[in-house]
Amino acid sequence: MVDEQRPPGIPAPPPVGESALRPGTFDDTCVVVTGGGTGLGKAIALEFARLGADVVVASRKGEHLDAGRRAVEEVGARALAVECDVRESESVANLFDRATDAFGIPAVLINNAAANFPVPAEDMSPNAWRAVVDITLTGTFLCAREFGRRNLAARTPGSIVNIGATYAWTGGPGFAHSAAAKAGVVNLTQTLAVEWGPYGLQVNCLVPGLMPHEDMTGDIRSNLDRTSDKDVCQPALRVGQRQELGWAATFLASPYGRFITGHTLVVDGANWQRRSLTNPPVVPVRAQMGLDPFQG
Ligand code: NAP
């Protein structure tokens, strides 16, 4: 039944499997996707795979690596899964060695690996801060550095797509570590785009909106259950679908996006620009999370 009071929102996207780019756009192209065995990373890996890419899935856990490799092979592309911790430069160098041996020097890098969990800043341990910043920001730099060095030395062009988040600009109450790290990722994108443009390397950032998926960690899932993964909480009146991020990533890395570099593209149905006509009452992060008052 149509709700007469409710506007229609932004229409649903075409189904998974469709693409705006022509088949074979990424034939003979090695694409590395960090964190490519779960959630949004896997969705991005699959869009490249559908367009002919040879996809290298990189992360720490065997079950994620298997899931990513299987998914890529199921759409008919070649896949390699490499165990890698993006915080460790030797591990990242090994990832690029393995990728190059299998499919040639990677021409596309998707810096998607990240870690996140909600915690009020006053409860955040130094280790929690370091772990998230190391994976999200340092890991992005180490992978970009390895990609840049190899393509610069070989004089080959390439494209990096870093994955950001909108709280890079707004701050992220309950996510101080991740928000600060993502702000660094956006900034790093701009620096590298200028440094490496002369050598034919594009560096962009892609920011997903709320795109729920079955691989979300328990922490993130329960945060969403508490709050806002409902369609009516989005200006688009729907949440994002994973393929919408994959299409944006493949466009940015395609020949049709060549002159776009140093850019951050937000795919979130305008959710991050929301303001209210009225100022709703402020609810402290602790209360939003159902935590007792801080006792010191
Ligand atoms: P996710 O399912 O939790 O995926 C994170 C991935 O990163 C996992 O595959 C994990 O694999 C990998 N990873 C974590 N630490 C690593 C390390 N040290 N070395 C290598 N790989 C590591 O997250 P997601 O929801 O798909 O999000 C993907 C990206 O989008 C992230 O950058 C996230 O910040 C961003 N984002 C997501 C949303 C959303 O609505 N989902 C919104 C805004 C931004 P292993 O455990 O196997 O290492």
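Here the structure is a predicted model, which means the values were calculated and not measured.
- Inspection of the N151 and T156 side chains reveals an N or O donor paired with an N or O acceptor under 3.5 Å.
- For CD of Q190, the number of neighbouring non-hydrogen atoms (other residues, nucleotides, ligands) closer than 6.0 Å is greater than 12.
- Under the 4.5 Å side-chain criterion, counting only non-hydrogen atoms from C-beta, R274 is in contact with P235.
- Salt-bridge check for R69 with D66: passed, with a basic side-chain N closer than 4.0 Å to an acidic carboxylate O.
- Within the 4.5 Å cutoff, the side chain of D231 has heavy atoms near those of the V239 side chain.
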For a quick test of your reading: what N or O donor-acceptor pairs under 3.5 Å do the side chains of residues 29-49 make, sequence neighbours left out?
{"from": "T29", "atom 1": "OG1", "to": "F26", "atom 2": "O", "distance (Å)": "3.2"}
{"from": "T29", "atom 1": "OG1", "to": "D27", "atom 2": "O", "distance (Å)": "3.2"}
{"from": "T34", "atom 1": "OG1", "to": "I110", "atom 2": "O", "distance (Å)": "3.4"}
{"from": "T34", "atom 1": "OG1", "to": "N112", "atom 2": "N", "distance (Å)": "2.9"}
{"from": "T34", "atom 1": "OG1", "to": "A113", "atom 2": "N", "distance (Å)": "2.9"}
{"from": "E47", "atom 1": "OE1", "to": "W247", "atom 2": "NE1", "distance (Å)": "3.4"}
{"from": "E47", "atom 1": "OE2", "to": "R50", "atom 2": "NH1", "distance (Å)": "2.8"}

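- Residues satisfying the ring-ring contact (aromatic ring centres under 6.0 Å, His included) criterion with F96, sequence neighbours excluded, are absent altogether.
- When every heavy atom of L95 is checked against every heavy atom of A58, the shortest pair comes out as CD1-CB, 3.6 Å.
- Looking at residues two or more places apart in sequence or on another chain, you find no salt bridge (charged side-chain N to carboxylate O under 4.0 Å, His left out) involving E63.
- Judged as a salt bridge (charged side-chain N to carboxylate O under 4.0 Å, His left out), not a single pair has a partner in residues 181-195 (not counting sequence neighbours).
- More than 12 heavy atoms of other residues, nucleotides or ligands lie within 6.0 Å of CZ in R258, so this atom counts as buried by the packing criterion.
- Residues that satisfy the salt bridge (charged side-chain N to carboxylate O under 4.0 Å, His left out) test with E74, not counting sequence neighbours, are absent from this structure.
- Remark: S19 engages L21, L51 in a side chain to side chain contact (heavy atoms under 4.5 Å, CB included) (not counting sequence neighbours).
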message: Applying side-chain contact (heavy atoms from CB on, under 4.5 Å) to R98 and L80, what does each step give before you reach the verdict?
response: CA-CA 9 Å; R98 296 273 314 277; L80 174 72; 3.8 Å; yes

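- Separation of the F175 and Y167 ring centroids falls under the 6.0 Å cut-off.
- Hydrophobic cluster membership of L237, counting Ile, Leu, Val, Met, Phe, Trp and Tyr whose side-chain heavy atoms lie under 4.5 Å apart directly or via other members: none, as it forms a cluster of its own.
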task: Using the side-chain contact (heavy atoms from CB on, under 4.5 Å) rule, take L188 and T140 through it: C-alpha gap first, then chi angles, then the decisive distance, then the call.
output: CA-CA 9 Å; L188 180 66; T140 294; 4.1 Å; yes

- prompt: Could you go step by step and tell me if T25 and T250 meet the side-chain contact (heavy atoms from CB on, under 4.5 Å) rule?
  reply: CA-CA 9 Å; T25 296; T250 49; over 6 Å; no

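- Cluster membership for V108 and V56, using ILVMFWY side-chain heavy atoms within less than 4.5 angstrom, is not shared.
- With sequence neighbours excluded, no residue forms a salt bridge (charged side-chain N to carboxylate O under 4.0 Å, His left out) with D134.
- The backbone N or O of P118 sits nowhere less than 3.5 Å from a side-chain atom of H177 that would complete a donor-acceptor pair.
- Linking ILVMFWY residues whenever their side-chain heavy atoms come closer than 4.5 Å, directly or via other members, leaves I135 and W129 in distinct clusters.
- Between R150 and D97 there is a salt bridge, since at least one side-chain N of the basic residue sits less than 4.0 Å from a carboxylate O of the acidic one.
- Side chain of N162 to backbone of V186: no donor-acceptor contact under 3.5 angstrom is found.
- Residues V267 and P208 have side chains not in contact (no heavy-atom distance under 4.5 Å, counting atoms from C-beta outward).
- Checked against salt bridge (charged side-chain N to carboxylate O under 4.0 Å, His left out), E214 has the following partners two or more places apart in sequence or in another chain: R242.
- Across all non-hydrogen atoms, the minimal contact from L265 to A248 is CD2-CB, 4.1 Å.
- Using a 4.5 Å heavy-atom threshold, the side chains of H213 and Q241 count as separate.
- The CD1 atom of I160 sits 6.5 Å away from the CG atom of L201 when rounded to the nearest 0.5 Å.
- Residue pairs meeting the side-chain hydrogen bond (donor to acceptor under 3.5 Å, both in side chains) criterion with at least one partner in residues 275-286, sequence neighbours excluded, are E122-R286, D123-R286.
- Legend: residues meeting ring-ring contact (aromatic ring centres under 6.0 Å, His included) with F103, ordered by chain and number and at least two apart, are absent.
- For N127, the side chain to side chain contact (heavy atoms under 4.5 Å, CB included) partners are S125, R130, not counting sequence neighbours.
- For the pair S159/V203, no side-chain contact is recorded, criterion being any heavy-atom separation below 4.5 Å from C-beta on.
- Side chains of S91 and D85: a donor-acceptor N/O pair is absent below 3.5 angstrom, by distance only.
- Considering every non-hydrogen atom in both N204 and H263, the closest pair reads OD1-N, 3.0 Å.
- Linking Ile, Leu, Val, Met, Phe, Trp and Tyr whenever their side-chain heavy atoms come within less than 4.5 Å leaves V86 and L137 in two separate clusters.
- Taking all atoms of both residues into account, the shortest heavy-atom contact from Q202 to G257 is NE2-O, 2.8 Å.
- By the 4.0 Å N-to-carboxylate-O rule, D54 lies close enough to R78 to be salt-bridged with it.
- Within 6.0 Å of CZ in F294 there are more than 12 heavy atoms belonging to other residues, nucleotides or ligands.
- Taking OG of S254 as the reference point, atom CZ of R22 lies at 9.0 Å (rounded to 0.5 Å).
- The hydrophobic cluster containing V55 also contains F251, counting ILVMFWY residues as joined when their side-chain heavy atoms lie under 4.5 angstrom apart, directly or transitively.
- Residue G139 comes nearest to N111 through the heavy atom pair O-OD1, 4.2 Å, listed as atom of the first residue, atom of the second, then distance.
- Atom-to-atom distance recorded for T191:OG1 and W196:CH2 is 10.5 Å, nearest 0.5 angstrom.
- Side-chain atoms of R145 and L192, non-hydrogen and from C-beta on, never get closer than 4.5 Å to each other.
- Between L206 and L245, some side-chain heavy-atom pair lies under the 4.5 Å cut-off.
- The shortest side-chain heavy-atom distance between F147 and L152 does not fall under the 4.5 Å cut-off.
- For G164 against C205, the heavy-atom pair with the smallest separation is N-SG, 3.7 Å.
- With hydrophobic clusters built from ILVMFWY side chains whose heavy atoms lie under 4.5 angstrom apart, V92 shares a cluster with V82.
- E88 CD to N94 CG: the interatomic distance, rounded to the nearest 0.5 Å, is 12.5 Å.
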